[in-house]
Amino acid sequence: MQTVFTPIALSSASEPPRADFNSSADMAMQVSEAAGLAMDVLGLPFDIARAQYARAVQIGLIERSMLASREFSRTVGAWEQLTLGPWARHV
């Protein structure tokens, strides 16, 4: 015996979920969380560059130097500010 799958009738499909906000404070909180998540995602390439620099120092490819580390951090931070503008994270 063969089973036949049929699509669900449109009339029986449930309605799409709706965002229910009880107050403007709830909506502001949701927008703030979404903006923070977007900033984290956009900043991911810069975090990867920082992690790669740190790993290169750990394995000895780059000399251990607090001054060099500071300069690298400032340079990456400047690139982040330049490329992301208002979406850049502020430390």
Side-chain angles (χ1 to χ4, degrees):
M1 177 165 191
Q2 200 174 39
T3 305
V4 178
F5 295 102
T6 59
I8 298 173
L10 292 177
S11 61
S12 66
S14 62
E15 292 183 21
R18 295 182 185 169
D20 293 325
F21 298 111
N22 295 334
S23 68
S24 61
D26 290 340
M27 189 167 73
M29 184 179 68
Q30 293 292 328
V31 170
S32 176
E33 288 177 5
L37 180 62
M39 290 170 69
D40 288 343
V41 169
L42 291 172
L44 189 60
F46 302 100
D47 291 339
I48 291 171
R50 289 179 181 102
Q52 288 179 338
Y53 180 86
R55 185 66 182 142
V57 169
Q58 286 176 347
I59 63 175
L61 295 175
I62 300 174
E63 179 184 3
R64 289 183 187 268
S65 167
M66 290 175 62
L67 295 176
S69 176
R70 180 196 67 188
E71 284 304 310
F72 180 80
S73 179
R74 285 183 178 180
T75 302
V76 171
W79 276 108
E80 186 173 1
Q81 292 290 323
L82 179 68
T83 57
L84 299 180
W87 288 98
R89 296 169 294 180
H90 300 283
V91 181

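Counting only distance, with no hydrogens or angles, the side chain of Thr75 and the backbone of Glu71 share a donor-acceptor pair below 3.5 Å. With hydrogens and angles ignored, the 3.5 Å screen pairs a side-chain donor or acceptor of Thr83 with a backbone N or O of Trp79.
No side-chain heavy atom of Gln30 sits under 4.5 Å from any side-chain heavy atom of Met27. Residues Arg89 and Asp47 have side chains in contact (heavy-atom distance under 4.5 Å, counting atoms from C-beta outward).
Of all heavy-atom pairs between Leu84 and Leu42, the closest is CD1-O, 3.7 Å. When every heavy atom of Ala88 is checked against every heavy atom of Glu80, the shortest pair comes out as CB-O, 3.7 Å. Of all heavy-atom pairs spanning Trp87 and Ala35, the tightest one is CZ3-O, 4.0 Å.
Contacts classified as ring pair (Phe, Tyr, Trp, His ring centres under 6.0 Å) and involving residues 23-46 (residues at least two apart or in different chains) are not found.
Between the side chains of Arg55 and Gln58, a donor-acceptor pair is found at a separation under 3.5 Å.
The ring pair (Phe, Tyr, Trp, His ring centres under 6.0 Å) test applied to Phe72 returns Tyr53, not counting sequence neighbours.
Taking CD of Gln52 as the start and CG of Leu61 as the end, the distance is 11.5 Å to the nearest 0.5 Å. Here the OG atom belonging to Ser69 is positioned 10.5 Å from the CZ atom belonging to Arg50, to the nearest 0.5 angstrom.
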